[in-house]
Every structure is written in structure tokens, then in C-alpha cells.
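In each ligand, atom 1 is the first atom listed, and ligand 1 is the first ligand listed.
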Amino acid sequence: MSALRFPENFVWGAATAAYQIEGAAHDDGRGPSIWDTFSRTPGKVHQGHTGDVACDHYHRYAEDVALMAELGLRAYRFSVAWPRIQPDGSGPVNPRGLDFYDRLTDALLARGIDPIVTLYHWDLPQTLSDRGGWTNRETAEHFADYALAVHARLGDRIRTWTTLNEPWCSAYLGYGNGVHAPGEQDPGAAFSAVHHLLLGHGLAARALRSAGAETVGITVNPADVRPADPASAADAAAVRLVDGLHNRIFLDPLTGAGYPDDVLEHVSRLVAPTFVRDGDEKTIAAPLDLLGVNFYAPTYVAGRTDGAGGGGAYPGTEGAVEFLPPAGPLTDMGWMIEPAALTRLLERIATDYPGVPLMITENGAAFPDKAGTEHPDGPGQVVDADRIAYLDGHLRAAHEAIARGVDLRGYLVWSLLDNFEWAEGYRKRFGIVHVDYLTQRRTPKSSARWYQEVISRNGL
Ligand code: IFM
């Protein structure tokens, strides 16, 4: 295959999230989050794994930043743990929590790595959850205060701020099917959470911009929703419904179009959307400098009229929509590998929501690679050809989107390190760097060395 070069100044980096790597769950005044509670609830997380220690990044950040520099990363996307900054989610700011991100930011900048901050990657302070979490409008207001507190400390050094990571997951998995914290199963709560997450984004984005933030954005995980049978009208209707509940419910209001009528009608069948107040849609439509896109796999659906569809995580689709079992080669998550879906998705976003620069803020794959004390591929080696193939395919797909005119600014691999994969615990490994959880030893996998080459060549 011929060489592919990415645009000059294309941002190459990696991403992680606080609860998944930091550990130090009780250090320096950190308060409890919904993931501390959820992971301690029997049956919720694989083998009762928790983020108490994780990759111990809180104590090993300097070593990890050195590794990033060795790999040539130009950017590093990390999230700030709200409960470190405000242990109860509101009120006094904990300076020792901010100190950690201050040290991390300085370490990154000293190595020429651009920090990209995510303010919320799912670790809601437990106290706020006890008051309703994202179903309570006050959480959105507290989120803006918290964003300002972080900006007040780091705003002199951090250029790129993203508010939420994947609000779809927070709302539908957290409050809809309950597979994520806080584990509620209530369709009305899921939609109320969607709205308050978006409102929190809008309030925080406005506050950050007034405080002088240079680049303000949000990260979503939009779906490339495809029909099982392209000729079927029922399947087309299922695509439209799932697209509405996954993509348009977020992207339309974020870009100023307000909630789509068909989506509001669907929501109204499950809950009266009284949580949407006058002026909210305007707040949510705060100008976006960057839209982060997290992508892993496409979604294939079929329309059912016999009430036999599973409905998946989408409230109100039970019986009417069947989510097809993933086909073809799968990752260790059981997710399909179809890079062309990424090109389609990026093109679609660029077409339907023009004018917003895009960045792939997560893309990667879990594979059960082994190292160290387990089954070494050789001394100090973790050979992960399957991950390289996945990343190579998706980078080619991203390049194709750029060639078709999409304004794609960068690519951040998920993830730098193997880490706590939420309900799956530590059994799923997404890292380009292997973590031995017994010793905390880091071993760059072959994919890390491959990625290092990609970055140095600015292409494939
Ligand atoms: O690990 C997660 C991450 O926290 C959010 N996006 C998807 C990843 C893989 O499931």
C-alpha cells in the first residue's frame, strides 16, 4: 500500500481517564465517586474490580509522561476527577487535588506534550449522585462551577478544554440499562440525564470561554447506524430512531438546532420532558471550537413489528429494534472491526454539522495480549499484531475522510495504558502499553512502537 501522509500539524496523541488509571482513591482529600460505590456493589463489575489502585498513575505520572515522550506523543488527553477537586461536588475547592493536575500539566509541557483536558469522564461525586445526580438540574450548575475552579488553576497552561466524555454512556448506561454507575434503570431518568448533561456542558463551555479558555469542546461517541437490509423500510425506520437517540439528540442541540422533533416525540412517550426549560437549548448551543469523536465499531439494526427486538441500551426501543449480533472479526469486547464505518461517520458529521473542527479523541481496541509474568511473547515483548491492524485500518479510514474534505485535526489512541475498563474491570486490555497490575510494570507493546513510527513519519 502506498504511503499516506497526514496534514501538517495533525495532532497525534493518546487518551486516558482519571478513574481508569489514577488509583489513589483516598489520597489528598479525594471524595468518593459513583464509580467507587458502583464497583463495590456486588455483581456490577467483573470480579469486584475497583479503581482503588488501577495503574497507580497518580503516583507514577512522571514515569508515564516520560513514556509518552519516548513514544513521541504530541498530545495527551486526560480527565480531571471532579471528586479530587470538590470532594462533595460543590463548595470548597480542594487545593491538593488541583496540585496533582498542576504537576501533571507541567510534566507534560516540559516534554512538549500538549495537555487536552476532559472535565468529566464519568466519576461524578457521590454526594451529587445522592441528590439525584444528572437527573437533578443543580448538577449541571455545579459542573460549571467545578469547570471554573479547574480553569482558575490550569487555565494559564491548558489550551484545549473538553467538557464531557460520551454523555450517551453517562445517560443511557448510567440511568437507562444500569450497566454503568450509578446503575439506575429508568427511561425517564436517562432522558433527564441527557438534558442535564448537555445543559452542564453549555453552562461550563460558556463559563470557560468567559474565563479566557482558548479552545472549548465536547467529546461524543456518535454511532454509524446501518440497516440490516438496505432495502427494508422497517430497517430504515429503526436506523432513524436509533440515530435520533444516539446522535441527533446530542449533536442537534449542541450545534444550535435544538432537539429534533421526532426525538422529542419519542421521549415524550416515556416521560414528560418538563426538565427542558426555556432558554436551555440556547445555553446548550454554546459555540464549539472542537468536537471530539470517539469511535470503535458500527451499529447494525433491524426494525421489528413482532415485538421481538431487544432494544439494547436505548429507552423505548424494546420490542421495536433488533441490534444485530456483531459479525466478522471482533475485538475482545466483542465489537465489530469495520474501519470504513469511521470514514462514513466523520463525513456524515462534517456534512450535517458543518463548521466544527473534529478530532478523534478515542479509537482503539481491546485484545487479550499477555506479557511479563503471564505468557511472555519474549523478554520485554508484547506482540499485538491484531491491535496494529485495527489502528492501521482506522487511521487509513480517517485519512480517507480527510481526503474527502473532513476537517479532522487529530487522532488520540485509546488508550495509552491498559486500564480499568468499567464494568469489565481489568480483564479487557486497550493499552498500547501493557500494565502488569501486580508490579505496575509498563511494557510498550509492538503497537506502541508502531505508533511511534507513525507519529514520526506523520503517516502510514
Ligand atoms: O474505556 C472506555 C472509555 O472510558 C470511554 N470510551 C470507550 C472506552 C472503551 O470502552
* Structure fact -> among protein heavy atoms, the one nearest atom 5 (C) of ligand 1 is Glu362 OE1, 3.2 Å
* Asked: If you count the atoms of ligand 1 from 1 in the order shown, which ones are under 4.0 Å from a heavy atom of Glu166?
  -> 5 (C), 6 (N), 7 (C)
* Ion pair present between Arg441 and Asp436, side-chain N to carboxylate O less than 4.0 angstrom? -> no
* **Within-cut-off N or O pair, His121 and ligand 1, under 3.5 Å** => yes
* If the plane angle is over 60° it's perpendicular, under 30° parallel, otherwise tilted; pick one for His49 and His46. => perpendicular
* To do: Identify whether the distance between the nearest side-chain nitrogen and carboxylate oxygen of Arg442 and Asp56 falls below 4.0 Å.
  => no
* Asked: So Arg409 and Asp407, salt bridge (Lys or Arg N to Asp or Glu O under 4.0 Å) or not? Walk me through it.
  -> CA-CA 6 Å; Arg409 301 286 173 95; Asp407 181 6; 2.7 Å; yes
* Any idea which atoms of ligand 1 are less than 4.0 Å away from a heavy-atom of Trp335? -> 10 (O)
* Evaluate ring pair (Phe, Tyr, Trp, His ring centres under 6.0 Å) for Tyr120 paired with Tyr146, printing each intermediate quantity in order. => CA-CA 10 Å; Tyr120 183 72; Tyr146 150 69; 8.2 Å; no
* **atom 1 (O) of ligand 1: the protein heavy-atom neighbour that sits closest, reported with distance to 0.1 Å** => Glu421 OE1, 2.6 Å
